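Presented below is the structure to which this report refers.
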Amino acid sequence: MSEAELNKLEAAFEEKIANEVKIEPKDWMPEKYRKTHIRQISQHAHSEIVGMLPEGNWITRAPSLRRKVALLAKVQDEAGHGLYLYSACETLGISRDELYEQLHTGKAKYSSIFNYPTITWADMGAIGWLVDGAAIMNQVPLMNTSYGPYARAMVRVCKEESFHQRQGYEIMLKLANGTPEQKEMAQDALNRWWWPSLMMFGPTDAESVHTEQSMKWKLKRKTNDELRQQFVDQTVPQAEILGLTVPDPDLKWDEEKGHYNFGPINWDEFWQVVKGHGPCNKERIGARVAAWEEGTWVREGAMAHAAKKSKKEVA
Ligand code: FAQ
């Protein structure tokens with residue numbers, strides 16, 4: 001391709017971005033745009049799939065049939081979100097097998113939050129309330145992201161996340177208004193999940209390597225710090241309704257700025273978890289690899305069935 005032709009394609013791409021026209025799989029796009037999207041969408045897909053594990057741990061032990069059904073539906077939704085996102089990612093020219101391979105070999109990242117253990121039932125409440133709450137905060141702007149398949153996937157995902165968040169908050173509300181032991185369980189879960197939830201938004205804007213370019217491409221619509229602040233401002237009043245204490249002695253309403261100031265995040269812990277040294281990283285990847293290996297016969301059976309069916313159709 002000549003330089004003039006390339007310049008023309010680039011100009012047309014930039015014009016679409018400027019005019020809020022979605023970029024679609026068959027459109028020309030800069031190689032860096034394609035790679036950045038594969039990176040973010042695949043990390044997002046992996047997060048949904050690995051994110052099923054901490055809650056899956058509690059399905060058999062949910063305290064009532066109603067809670068069990070709701071949790072089962074939530075975890076099933078997460079599988080659906082992962083599959084949607086893998087499909088969106090595949091439209092950028094990477095295969096599902098390559099994506100799985102990246103996850104199973106530890107090459108791919110997924111959200112730090114899913115490397116923490118779920119040790120009591122209250123953790124199901126805290127995950128729904130805080131983790132899904134943070135996920136919604138991050139994903140609502142992504143409904144307007146510039147890549148069509150990702151933006152459309154986010155519309156459905158956000159609707160389902162809002163049920164997840166309410167499911168979690170309801171568990172917290174019940175526990176916080178229950179016996180002193182139950183309230184203590186809720187407080188303990190908030191203590192353990194608060195800071196990791198703030199870390200979900202990623203490093204500070206000053207440390208974030210991708211934000212500037214991703215904002216220009218309208219992949220990201222808000223920065224990590226903006227979303228984190230929005231999350232704190234939304235969540236603190238919810239903790240007050242529960243009668244629980246956010247585990248941050250520096251948390252204070254700032255009248256002038258119109259938001260909550262909060263204490264320092266332990267970035268050392270964040271990077272340890274991201275690099276594979278969190279409390280459950282090995283367990284999570286181990287579970288995914290085992291599921292892949294034990295599922296070989298299912299994949300082979302499905303492929304044999306599909307081949308048989310298409311042979312019949314041709315005949
Ligand atoms: N964990 O330059 P930035 C959910 C990495 S879904 C691990 O700021 P970016 C649903 C980052 O990848 C949760 N790694 O990067 C659910 C980059 O590394 P790289 C997932 C992190 O992309 C709920 C490096 O640090 N949501 O929860 C994290 O501009 C309940 C530098 O960072 C999404 O994936 C982290 N927390 O901004 C399921 C949403 N943060 O790639 C089950 C889409 C950063 O250069 C139960 N993703 N890193 O090797 C995004 O919005 C962005 O990718 C950010 C990071 C905001 C996560």
Side-chain angles (χ1 to χ4, degrees), residues 51-78 111-140 158-201 227-254 259-263 265-266 269 279-280:
M52 295 163 73
L53 296 168
E55 290 168 300
N57 179 36
W58 276 91
I59 291 172
T60 53
R61 291 176 288 158
S64 69
L65 189 56
R66 179 169 176 269
R67 296 282 181 219
K68 192 193 290 272
V69 168
L71 186 61
L72 201 54
K74 178 182 192 293
V75 174
Q76 185 176 299
D77 283 352
E78 282 148 11
S111 184
S112 48
I113 193 76
F114 303 117
N115 293 305
Y116 291 86
T118 44
I119 52 188
T120 75
W121 171 250
D123 290 3
M124 295 305 97
I127 289 183
W129 172 36
L130 301 174
V131 177
D132 285 277
I136 296 172
M137 200 57 86
N138 168 273
Q139 285 166 192
V140 165
C158 282
K159 280 188 193 153
E160 292 176 349
E161 297 289 19
S162 111
F163 144 68
H164 298 174
Q165 202 265 354
R166 274 176 289 162
Q167 177 262 172
Y169 195 70
E170 200 201 3
I171 293 173
M172 292 304 272
L173 204 56
K174 195 89 179 170
L175 290 172
N177 290 300
T179 63
E181 288 81 4
Q182 286 169 332
K183 185 166 182 183
E184 207 175 296
M185 260 172 72
Q187 181 64 55
D188 167 63
L190 171 57
N191 293 349
R192 285 180 291 106
W193 290 92
W194 176 254
W195 291 105
S197 297
L198 297 196
M199 293 174 196
M200 279 178 76
F201 295 95
L227 290 169
R228 188 168 12 247
Q229 183 68 56
Q230 215 175 308
F231 174 75
V232 172
D233 293 342
Q234 178 184 288
T235 312
V236 171
Q238 295 171 351
E240 280 164 10
I241 294 171
L242 294 172
L244 300 178
T245 309
V246 173
D248 178 358
D250 297 324
L251 189 74
K252 203 165 180 262
W253 177 252
D254 186 325
H259 69 219
Y260 283 94
N261 290 326
F262 53 92
I265 292 174
N266 184 345
E269 174 183 324
C280 299

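We number each residue from 1, following the sequence as shown. The structure displayed is predicted, hence computed values, not measured ones.
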Are any side-chain N or O atoms of [X] and backbone N or O atoms of [Y], one a donor and one an acceptor, separated by less than 3.5 Å?
X	Y	result
D248	G263	yes
W121	P63	no
D123	I119	yes
D132	G168	no

| request: Can you tell me which residue pairs pass the salt bridge (charged side-chain N to carboxylate O under 4.0 Å, His left out) test with a partner in residues 178-189, sequence neighbours excluded? | output: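 For residues 178-189: D188-R192.
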Looking only at heavy atoms, which two atoms of [X] and [Y] are closest? And how far apart?
X	Y	value
M200	A135	CE-N, 4.3 Å
F262	I265	CE1-CD1, 4.2 Å
A70	Q167	CB-CG, 4.1 Å
P117	C280	N-SG, 3.6 Å
T118	W58	O-NE1, 3.0 Å
F201	A134	CZ-CB, 3.6 Å

| query | Sequence neighbours excluded, which residues qualify as ring-ring contact (aromatic ring centres under 6.0 Å, His included) partners of W195? | reply |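 In terms of ring-ring contact (aromatic ring centres under 6.0 Å, His included), with neighbours along the sequence ignored, W195 is linked to no residue.
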Working to the nearest 0.5 angstrom, can you tell me the gap between [X] [atom1] and [Y] [atom2]?
X	Y	atom1	atom2	result
L71	I59	CG	CD1	5.0 Å
M52	D77	CE	CG	10.0 Å
W193	I127	CH2	CD1	4.0 Å
Y260	T235	OH	OG1	10.5 Å
C158	F163	SG	CZ	15.0 Å
L65	R67	CG	CZ	12.0 Å

Pairs of donor and acceptor atoms involving the side chains of residues 237-246, under 3.5 Å and at least two apart or interchain, shall be tabulated with distances.
from : atom 1 : to   : atom 2 : distance (Å)
Q238 : OE1    : W129 : NE1    : 2.8

| task | Determine whether more than 12 heavy atoms belonging to other residues, nucleotides or ligands lie under 6.0 Å from atom NZ of K68. | result |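 Counting neighbours around NZ of K68, more than 12 heavy atoms of other residues, nucleotides or ligands fall under 6.0 Å, so yes.
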| Criterion side-chain hydrogen bond (donor to acceptor under 3.5 Å, both in side chains) against S162, the qualifying member of H164, R166, K159 |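 In the set H164, R166, K159, the residue that makes a side-chain hydrogen bond (donor to acceptor under 3.5 Å, both in side chains) with S162 is R166.
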| task | Applying salt bridge (charged side-chain N to carboxylate O under 4.0 Å, His left out), run through K74 and E78 and close with a yes or a no. | result | CA-CA 6 Å; K74 178 182 192 293; E78 282 148 11; 2.7 Å; yes
| Taking side chain as C-beta onward, heavy atoms only, is L251 less than 4.5 Å from V232? |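 Yes; the side chains approach each other to less than 4.5 Å.
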| side-chain contact (heavy atoms from CB on, under 4.5 Å) evaluation trace for Q187 with L190 | CA-CA 5 Å; Q187 181 64 55; L190 171 57; 4.1 Å; yes
